[in-house]
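Residue numbers count from 1 along this sequence.
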Amino acid sequence: MKKRKIIAAYTVKGDWWHSLDDGRLQCDLCPRYCKLRDGQHGFCYIRQARNQQIVLTSYGRASGFCIDPIEKKPLNHFYPGSSVLSFGTAGCNLGCKFCQNWDISKAREDERLTSPALPEDIAREAKQHACRSIAFTYNDPIIFAEYAIDSAIAAHEEGINTVAVSSGYISHESRQDFFAHMDAVNVDLKAFTQEFYGKICLAQLEPVLDNLKWIKNETDVWLEITTLLIPGHNDSSDEIKKLSDWVLDNLGSEVPLHFSAFHPDFKMMDVPPTPLSTLQRARTIAKETGIHHVYTGNVNDKEGQSTYCYHCNNLLIERDWYELGKWNLDKDGCCKFCGTRLSGRFDTKPGTWGSKRRPVFIHSGTEKMGGPKPQNDIRPV
């Protein structure tokens, strides 16, 4: 793996930008196309105009590492039951008022990034813990794309899969470079109206829909979609039906769709939690539309979290939260009852990680990322 040049502490030159006639620099990584004068930060905060170039200021710094079940991403059709080493950085290119990870996504790098870790060290740690995959999550990996891509390359060299958990808010100029290194992605489709995206997320819906179509039709990346249903904002039967119709017409019936429960957080503390009945209603609407695999999330709903054969309706993968139960797939990923192939990526046997969540300490040493060498580099207790 070719190592990227560290030009300042935790800082590398960005890959997607160009100069404007007025002296500003335009970041071309996401649809915001931030236009910056020297010293200014982009909306995401961790990309900055500095010395006539756009730089990423969080390279090699993470907000922490944890081994999770793959179902927590959520990915139900990507090596079920396997473990995934998860990490993120700081910042975000959306401004969601309901953000469930706001302490990370709205943080400045110095506030949250306490774990120096080079890509090759992350990959080695994942291999040491027998993780099937590495996930770029907690905040959107699009904004730390150079770090995510280099970590993905290192992971693939160790035979480890890569997963992005993303809003899908990425530009045409950068999406090929980014997704060329990802094996799976769960895209958060926040809602199905521009009004919601504009007022609640400070973003645009259309680029997300365009990227969903591109991922499904132009790449080999395994795709699943999650929509967090927020009472009174994006949970009407009409909107859920329109969303389901669009998924069926543009992505097909085989892309798994997850409806997850909202809990009051960040700037939407006055909105009540999502009732289970709302998720079950959404699941029914999507299934009746013709989507084969629809799930409920962030709630205890064994039926809504399990996988069924769309042809004979028999149980294929039983789930109770993140614990797997009955497994009725053959070695080729087909239904044992009728032989219908289940869409996704599967091992011959289910994983056994279960619902465990294990924090992991990775510390490459600050001097490797251009930071000051600590006087006492002591592993915390």
Side-chain angles (χ1 to χ4, degrees), residues 69-78 80-81 98 100 165 167-168 184-193 196 208-209 212 216 222-263 271-329 335 337 340 342-344 355:
I70 192 67
E71 285 80 9
K72 194 170 184 177
K73 299 304 102 184
L75 288 169
N76 282 359
H77 292 232
F78 190 76
F98 55 87
Q100 316 271 289
V165 179
S167 67
V185 60
N186 186 296
V187 172
D188 289 323
L189 180 56
K190 307 293 184 179
F192 204 66
T193 66
F196 183 101
V208 179
L209 299 181
L212 282 169
K216 179 61 174 69
W222 176 252
L223 170 65
E224 302 191 24
I225 299 170
T226 296
T227 297
L228 187 78
L229 294 181
I230 304 176
H233 291 273
N234 66 348
D235 64 338
S236 71
S237 295
D238 181 62
E239 183 170 341
I240 292 165
K241 181 64 167 68
K242 289 177 179 176
L243 184 155
S244 301
D245 284 338
W246 185 92
V247 170
L248 183 66
D249 292 343
N250 292 275
L251 310 179
S253 60
E254 295 296 300
V255 173
L257 179 58
H258 303 253
F259 291 110
S260 291
F262 163 87
H263 63 259
V271 179
T274 310
L276 173 59
S277 59
T278 297
L279 303 180
Q280 292 172 330
R281 170 170 54 85
R283 181 171 180 262
T284 297
I285 292 170
K287 287 176 68 66
E288 289 178 349
T289 297
I291 299 174
H292 291 166
H293 305 291
V294 188
Y295 299 98
T296 58
N298 293 344
V299 292
N300 186 7
D301 180 18
K302 196 170 181 179
E303 179 179 350
Q305 292 160 353
S306 298
T307 301
Y308 299 86
C309 176
Y310 76 88
H311 187 262
C312 70
N313 207 37
N314 275 298
L315 176 67
L316 297 180
I317 305 172
E318 183 182 38
R319 295 186 183 86
D320 187 358
W321 287 101
Y322 305 125
E323 295 284 349
L324 299 191
K326 295 177 182 177
W327 178 271
N328 290 315
L329 292 177
C335 173
F337 303 101
T340 299
L342 179 63
S343 58
S355 60

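- Side chain of Thr296 to main chain of Gln280: no donor-acceptor pair is present (N/O by atom type, distance under 3.5 Å, no hydrogens or angles).
- Glu303 places a side-chain heavy atom less than 4.5 Å from the side chain of Tyr308.
- Rounded to the nearest 0.5 Å, atoms CZ (Arg281) and CG (Leu276) are 11.5 Å apart.
- Between the SG atom of Cys335 and the CG atom of Leu342 there is a distance of 9.0 Å, given to the nearest 0.5 Å.
- Scanning both residues, Ala261 and Asn298, for their nearest heavy atoms gives O-ND2, 3.0 Å.
- Remark: the Thr278 side chain and the Asp235 side chain contain no N/O donor-acceptor pair separated by less than 3.5 Å.
- For Leu257 against Ala286, the heavy-atom pair with the smallest separation is CD2-CB, 4.1 Å.
- Ser260 is linked by a side-chain hydrogen bond (donor to acceptor under 3.5 Å, both in side chains) to nothing, counting only residues two or more places apart in sequence or in another chain.
- At least one side-chain heavy atom of Ile240 sits under 4.5 Å from a side-chain heavy atom of Phe259.
- In this structure, the side chains of Leu223 and Leu212 come closer than 4.5 Å at one or more pairs of heavy atoms.
- Leu189 is listed as a side-chain neighbour of Leu209, based on a closest heavy-atom distance under 4.5 Å.
- In this model, a donor atom of one side chain and an acceptor atom of the other lie less than 3.5 Å apart for Tyr295 and Thr307.
- The residues Lys302 and Glu318 are annotated as salt-bridged, a charged nitrogen and a carboxylate oxygen being separated by less than 4.0 angstrom.
- Using modelled atom types, one side-chain atom of Ser306 and one backbone atom of Arg319 make a donor-acceptor pair closer than 3.5 Å.
- No side-chain donor from either of His77 and Glu224 sits under 3.5 Å from a side-chain acceptor of the other.
- The closest side-chain heavy-atom distance from Val208 to Lys190 is not below 4.5 Å.
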query = Where do Leu279 and Asp301 land on the side-chain contact (heavy atoms from CB on, under 4.5 Å) test, with the steps shown first?
reply = CA-CA 10 Å; Leu279 303 180; Asp301 180 18; 5.9 Å; no
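- No donor-acceptor pair closer than 3.5 Å links the side chain of Glu71 to the backbone N or O of Ser355.
- The side-chain contact (heavy atoms from CB on, under 4.5 Å) test with His258 is passed by exactly one of Asp188, Val294, Asn186, Leu75: Asn186.
- Side-chain atoms of Pro256 and Trp222, non-hydrogen and from C-beta on, do get closer than 4.5 Å to each other.
- Within the 4.5 Å cutoff, the side chain of Ser343 has no heavy atoms near those of the His292 side chain.
- The two residues Ala282 and Leu229 make their nearest non-hydrogen contact at CB-CD1, 3.6 Å.
- Considering every non-hydrogen atom in both Ser253 and Gly290, the closest pair reads CB-O, 3.3 Å.
- Aromatic ring pairs are classed by plane angle as parallel below 30°, tilted from 30° to 60° and perpendicular above 60°; the pair Trp246 and Phe192 is tilted.
- Using a 4.5 Å heavy-atom cutoff, the side chains of Thr227 and Asn234 are in contact.
- The distance from atom CG of Asn300 to atom CD of Gln305, rounded to the nearest 0.5 Å, is 6.5 Å.
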